[in-house]
*Asks:* 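One structure, pasted below without further comment.
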Amino acid sequence: MPKVDIKDIFREKEKFLGRPLRLEGWVRTVRDLKAFGFIELNDGTFFNSLQVVFDENLANFKEIAKLTLSSAIAVEGILAESPGEKQPFELKAEKIEVLSLCPTDYPLQKKRHSFEYLRTIAHLRPRTNTYAAVFRLRSLLAYAIHRFFQERGFVYVHTPIITGSDAEGAGEMFRVSTLSLNSPPRTEDGEVDFSQDFFGKETNLTVSGQLNGEAYCLAFNKIYTFGPTFRAENSNTARHAAEFWMIEPEIAFAELRDDMQLAEDMMKYLIRYALEQAPEEMAFCNNFIDKGLFERLQNIVDSEFGHVTYTEAIEILQKSKEEFTYPVAWGSDLQTEHERYLTEKVFKKPVFVTGYPKDIKAFYMRLNEDNKTVAAMDLLVPGVGEIIGGSQREERLEVLERRMDELGLKKEDYWWYLELRKFGGVKHAGYGLGFERLIMYLTGISNIRDVIPFPRTVNNCEF
RNA sequence: UCCUCGAUAGCUCAAUGGUGGAGCAACCGGCUGUUAACCGGUAGGUUGCAGGUUCGAGUCCUGCUCGGGGAGCCA
């Protein structure tokens, strides 16, 4: 008797109707009556479960009727059309073998659990509908990202996880060291002597692959990175994690508008891919997590993203009747409340904000003609906030060096980065997309801890 | 790190400073097409931890731990 994946039955039911099949999976629920009963069986291959019907003809009928949630069974029977309304077909069991009987103190029940509770059982939560949907989508979207860039001729670059660059400037870093924490070697003036450490210098986990990515961009023209990123910020919010995944494309012979066009094309591609490839999961998200999800996503696929300069955004905010907690003034960064107002109230769709003051942005962003702003862009989306941050890079060696001097950065630390400008440097641009924030946006999940299998946040590294 | 709210049965939540309850889950039974099945019954508790006030604390006070929401930082 052929063993079948439940996904294949749902996708090609004609092939299986009326035929004997063997299924192996876990019991999601049992409803038993006097002489027969129903089992919802999920084998993990598909979002939906398959209904198994069993009756007293089974030798072990009583045992089966008392099956507990998450017990594993093997069922042999005939696939038939179902008289019930909620499923198109069902398996009429002729034989059910119990592979693993689950104890009754199983923490998941046939009811809604809070996200907070499920986070405490991160090893079991992928068995729930919500997490089954979210994490299958996460897998599909990772694949879709590779497809999007590969179809366009981008080269996938594995930038290093361990970095010796101590000033990437994107936040607090996790130190990587093999020195003894209790008694590290010291230099003559009492400082820790990192020359005796594994790499002979201070090293950390990467906060961004961008600088390395630029080197490969200026060889391959179009590249992207996709890997884990680490930030040791003591930040406790629904959209920050200490370990997360980031996508960082970088394109040569390109300006900021090319960068934004790429970001917009990518976002639309990924949304379409999710809707086409995971219709059951997306429908579940739309029904149970975020009622307005489909409408919002469709609106994005169908429309152009908004564009506004930082200076215009400040004017819009200053003219608005909205009462903000923080003052709006040219020169200071936009607060979360300002960003939300722009994307949720003014534009009601994703919006690029460009041309930020140079003083609030990184040293490598290209200085504009006005000498006050840089060619930076942030993509803000409703509900999540900043999902992409990018810029055209400063390709003019003398301007870049001047900026580094102004900011007190040591040029010798960046010698190879500067050589990228010296040897065949050209206009180029790129951005960073937070993978988890993308998943949040596409599923409606509002906490980053619920889109990472085993999230790492401040004070939490369980599992 | 700051502000704010919270922690009571396995889960989700009630309980005026005065005998800690309900729904769901579990367990036992009933039910010939169920759909988070339904109906009846049984059992289930050091009220997050440590102190304090009080005749008496789940409830008030202090500290701590953990969690939610918001902020900063950012993707």
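Every chain is numbered from 1, with letters handed out A, B, ... down the list of sequences. Since we're looking at a predicted model, the values are computed, not measured.
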*Asks:* Can you check whether A:Phe305 and A:His307 have ring centres sitting under 6.0 Å from each other?
*Replies:*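 So the answer is no for these two rings.
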*Asks:* A:Val53 has a side chain; which of B:rC24, B:rA71, B:rG33 sits nearest to it?
*Replies:* B:rG33
*Asks:* Picking from B:rU32, B:rG69, B:rC74, which would you name as closest to the side chain of A:Asn447?
*Replies:*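 The nucleotide sitting nearest to the side chain is B:rG69.
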*Asks:* Does the ring centre of A:Phe226 sit less than 6.0 Å away from the ring centre of A:His146?
*Replies:*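 Judged by ring-centre distance (under 6.0 Å), A:His146 and A:Phe226 do meet the cut-off.
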*Asks:* Between the base of B:rG33 and the side chain of A:Glu90, is there a donor and acceptor pair under 3.5 angstrom?
*Replies:*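 In this structure, the two groups form a donor-acceptor pair.
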*Asks:* Would you mind telling me which of B:rC24, B:rG72, B:rG67 lies closest to the side-chain atoms of A:Arg119?
*Replies:* B:rG67
*Asks:* Hey, does A:Glu116 reach any base, or is it just sugar-phosphate, or nothing, if we go heavy atoms under 4.0 Å?
*Replies:*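 Sugar-phosphate, no base atom in range.
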*Asks:* Given B:rC27, B:rG72, B:rC31, identify the nucleotide with an atom nearest to the side chain of A:Thr237.
*Replies:* B:rG72
*Asks:* Flag the pair A:Arg22 and A:Glu24 as a salt bridge only when some basic side-chain nitrogen lies within less than 4.0 angstrom of an acidic carboxylate oxygen.
*Replies:* yes
*Asks:* Out of B:rC28, B:rA36, B:rC11, which has the shortest distance to the side chain of A:Lys110?
*Replies:*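 Shortest atom-to-atom distance from the side chain points to B:rA36.
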*Asks:* Considering only B:rC66, B:rC74, B:rU34, which nucleotide approaches the side chain of A:Asn459 most closely?
*Replies:* B:rC66
*Asks:* For A:Pro83, report the nucleic acid contact type (base, sugar-phosphate, nothing); a contact means any heavy atom under 4.0 Å.
*Replies:* base
*Asks:* Could you check whether A:Asp55 gets within reach of a base, just the sugar-phosphate, or nothing at all, counting any heavy atom under 4.0 Å?
*Replies:*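 A:Asp55: no heavy atom of the nucleic acid under 4.0 Å.
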*Asks:* Using a cut-off of 4.0 Å on non-hydrogen atoms, how would the nucleic acid contact of A:Ser114 be classed: base, sugar-phosphate, or nothing?
*Replies:* sugar-phosphate
*Asks:* Between B:rC74 and B:rU4, how far apart are the two P atoms, rounded to whole Å?
*Replies:*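 Between the two P atoms, the distance is 25 Å.
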*Asks:* A:Leu438 near the nucleic acid: base, sugar-phosphate alone, or nothing, with a heavy-atom cut-off under 4.0 Å?
*Replies:*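 Nothing: the residue A:Leu438, judged by heavy atoms under 4.0 Å, touches no strand.
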*Asks:* Suppose you measure atom P in B:rG69 against the same atom in B:rU12; what distance do you get, rounded to whole Å?
*Replies:*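 Going atom to atom, P in each nucleotide, I get 15 Å.
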*Asks:* Check A:Lys92 with A:Glu94, please: is the shortest side-chain N to carboxylate O separation under 4.0 Å?
*Replies:*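 A salt bridge is absent here (no side-chain N lies under 4.0 Å from a carboxylate O).
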*Asks:* What's the closest nucleotide to the side chain of A:Lys111 if the choices are B:rG23, B:rU34, B:rC73?
*Replies:* B:rG23
*Asks:* Counting only distance, no hydrogens or angles, is the base of B:rU32 paired donor-acceptor with the side chain of A:Glu56 under 3.5 Å?
*Replies:*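 Donor-acceptor pair under 3.5 Å: no.
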*Asks:* Which part of the nucleic acid does A:Gly432 contact within heavy-atom distance under 4.0 Å: base, sugar-phosphate only, or nothing?
*Replies:*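 Contact class for A:Gly432: sugar-phosphate only.
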*Asks:* Among B:rG69, B:rC74, B:rC27, which nucleotide has an atom closest to any side-chain atom of A:Asp333?
*Replies:* B:rC74
*Asks:* Any donor-acceptor pair under 3.5 Å between the side chain of A:Gln335 and the base of B:rG72?
*Replies:*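 Such a pair does not exist between side chain and base.
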*Asks:* Counting the atoms with a prime plus P, OP1 and OP2 as sugar-phosphate, which does A:Glu462 contact under 4.0 Å by heavy atoms, base, sugar-phosphate, or nothing?
*Replies:*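 A:Glu462: no heavy atom of the nucleic acid under 4.0 Å.
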*Asks:* For A:Lys66, which contact category applies under a 4.0 Å heavy-atom criterion: base, sugar-phosphate, or nothing?
*Replies:*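 The answer is sugar-phosphate, as A:Lys66 gets under 4.0 Å only of primed atoms, P, OP1 or OP2.
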*Asks:* How far, in whole Å, is B:rG52 from B:rG21 if one measures between their P atoms?
*Replies:*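 The same atom, P, in both gives a distance of 28 Å.
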*Asks:* When the P atoms of B:rC60 and B:rA14 are considered, how many whole Å apart are they?
*Replies:*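 One P to the other, the span is 14 Å.
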*Asks:* Give one of base, sugar-phosphate or nothing for A:Gln87, where a contact means two heavy atoms less than 4.0 Å apart.
*Replies:*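 Base, at least one base heavy atom under 4.0 Å.
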*Asks:* Ignoring hydrogens and angles, does a donor from either the side chain of A:Lys34 or the base of B:rG33 sit under 3.5 Å from an acceptor on the other?
*Replies:*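 Check fails, no donor-acceptor contact within cut-off.
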*Asks:* Could you tell me whether A:Asp105 contacts a base, only the sugar-phosphate backbone, or nothing, with contacts defined as non-hydrogen atoms closer than 4.0 Å?
*Replies:* nothing
*Asks:* Using atom C1' of each nucleotide, how far apart are B:rA25 and B:rC13 to the nearest Å?
*Replies:*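 Looking at atom C1' only, B:rA25 and B:rC13 are 15 Å apart.
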*Asks:* Looking at B:rC73, B:rG33, B:rU34, which one has an atom nearest to any side-chain atom of A:His240?
*Replies:* B:rC73
*Asks:* B:rC11 and B:rA57: how far apart are their P atoms, nearest whole angstrom?
*Replies:*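 Approximately 26 Å lies between the P atom of B:rC11 and that of B:rA57.
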*Asks:* For A:Phe38, report the nucleic acid contact type (base, sugar-phosphate, nothing); a contact means any heavy atom under 4.0 Å.
*Replies:*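 A:Phe38: base contact, heavy atoms under 4.0 Å.
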*Asks:* Heavy atoms only, 4.0 Å cut-off, all strands: where does A:Thr29 land among base, sugar-phosphate and nothing?
*Replies:* sugar-phosphate
*Asks:* Do the charged groups of A:Lys427 and A:Glu255 touch, with an N to O distance under 4.0 Å?
*Replies:* yes
*Asks:* Is any side-chain N of the basic residue among A:Asp265 and A:Arg152 closer than 4.0 Å to the acidic one's carboxylate O?
*Replies:* no
*Asks:* Looking at B:rC60, which nucleotide sits across from it as a Watson-Crick or G-U wobble partner, both distances under 3.5 angstrom, or is there none?
*Replies:* B:rG52
*Asks:* Can you tell me, in whole Å, how much space there is between the P of B:rA15 and that of B:rG58?
*Replies:*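 Taking atom P in both B:rA15 and B:rG58, they lie 15 Å apart.
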*Asks:* Remember a base hit wins even if backbone is also touched, and classify A:Tyr326 as base, sugar-phosphate or nothing at under 4.0 Å, heavy atoms.
*Replies:*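 Sugar-phosphate only.
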*Asks:* Is the gap between the ring centers of A:Phe54 and A:Phe36 under 6.0 Å?
*Replies:*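 No.
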*Asks:* Any strand is fair game: report the nucleotide pairing with B:rG6 by Watson-Crick or G-U wobble, both distances under 3.5 Å, or none.
*Replies:*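 Matched B:rG6 with B:rC66 under the 3.5 Å cut-off.
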*Asks:* Do the rings of A:Phe454 and A:Phe463 sit parallel, tilted or perpendicular, given the 30° and 60° boundaries?
*Replies:* tilted
*Asks:* Would you mind pulling out the nucleotide paired to B:rG29, Watson-Crick or G-U wobble, both distances under 3.5 Å?
*Replies:*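 Base-paired to B:rC39.
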*Asks:* At 4.0 Å (heavy atoms only), tell me whether A:Ile387 reaches a base, stays on the sugar-phosphate, or touches nothing.
*Replies:*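 A:Ile387: backbone/sugar contact only, no base atoms under 4.0 Å.
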